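Presented below is the structure to which this report refers.
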Amino acid sequence: MTTATNSDDILPDHGASGASEAPTRKRPKPGERRLQILQTLAGMLEQPGAERITTAALSAKLGVSEAALYRHFASKAQMFEGLIDFVEQSVFAFVRQIADREPAGPAQVARTVALILQFAEKNPGMARVMTGDALVFENERLQERMNLLFDKLESAFKQSLRDGGAPSETPTVDAQVAASLLVAFMMGRMQRFARSGFKRLPSENLQASLARIL
């Protein structure tokens, strides 16, 4: 989904390249159709101003029946859970990656925030999932999962700032405030990105903004 969110990159070619040859359709490998569905859903979320995506629209985009979708996912909520799984795996991979490279403290946290916002910028559909914009009319548990992800990030930021030694007489309080502010900042940047039709980039003046917060 980071590079192949365009459905044209993942779907079989239905064009008639040779009139004399009968078209042949290969059966997708195990898991391949499931991935195609998720990639196509992510691609549809990347359309500026996209409204609620229905399974009818998704199946039409894929060129399959709605019943075919439900052979791979029990519900549309489960499809969104597949996207959230991808977001969680990516985000916490960034957290671990930076923690392995940078000592705890403001620089580590700033680098992590930057990577997460760059991820959202490269994956506009995922930005809409992360802010909850794409989940408004979906199952409540989806938004709860995203809320939990940001809660975990806030805890990770707070711990890193504490371990790095906040320059204050009350480092615990300052670390909590800074971590909360960073999460709000990230969510605000992604929300603005989605609601501007992906024109206002999350990385805009990012380093200067993080320097002000930290």
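Keep in mind that what you see is a predicted model, and the values were worked out from it rather than measured.
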Who passes ring-ring contact (aromatic ring centres under 6.0 Å, His included) against F80, sequence neighbours left out? none

Is there any salt bridge (charged side-chain N to carboxylate O under 4.0 Å, His left out) pair reaching into residues 201-211, and which pairs are they, with sequence neighbours excluded? R192-E204, R200-E204

Under the side-chain hydrogen bond (donor to acceptor under 3.5 Å, both in side chains) rule, collect the residues that match up with Q159, sequence neighbours excluded. D163

In Å, rounded to the nearest 0.5 Å, how long is the span from CG of L83 to CD of Q78? 11.5 Å

To the nearest 0.5 Å, what is the distance between CD on E81 and OG on S75? 7.0 Å

Contacts satisfying side chain to side chain donor-acceptor pair (under 3.5 Å) that involve residues 147-157 (not counting sequence neighbours) are Q143-N147, E154-Q176

Any sub-3.5 Å donor-acceptor pair from N123's side-chain atoms to G125's backbone N or O? no

Would you list the pairs meeting salt bridge (charged side-chain N to carboxylate O under 4.0 Å, His left out) in which at least one residue belongs to residues 67-79, sequence neighbours left out? K76-E138

So, using ring-ring contact (aromatic ring centres under 6.0 Å, His included) as the criterion, who are the partners of F94 when residues are at least two apart? F119

Going from CD on Q191 to CZ on R128, what distance comes out if it is rounded to the nearest 0.5 angstrom? 10.0 Å

With sequence neighbours left out, the residues meeting side-chain hydrogen bond (donor to acceptor under 3.5 Å, both in side chains) with S196 are none

Quick test of your reading: applying side chain to side chain donor-acceptor pair (under 3.5 Å), list the pairs with at least one residue in residues 179-188, sequence neighbours left out, ordered by first then second residue. none

Can you sort out the partners of E66 under side-chain hydrogen bond (donor to acceptor under 3.5 Å, both in side chains), two or more places apart, ordered by chain and number? T55

4.5 Å side-chain heavy-atom contact, L69 and S59: yes

Residues in side-chain hydrogen bond (donor to acceptor under 3.5 Å, both in side chains) contact with S160, at least two apart in sequence or another chain: Q108

What side-chain donor-acceptor pairs closer than 3.5 Å can you find for residues 206-214, not counting sequence neighbours?
| unit_1 | atom_1 | unit_2 | atom_2 | d |
| --- | --- | --- | --- | --- |
| S209 | OG | R189 | NH2 | 3.1 |
| S209 | OG | N205 | O | 2.8 |

So salt bridge (charged side-chain N to carboxylate O under 4.0 Å, His left out) across residues 86-108, not counting sequence neighbours, yields E88-R145

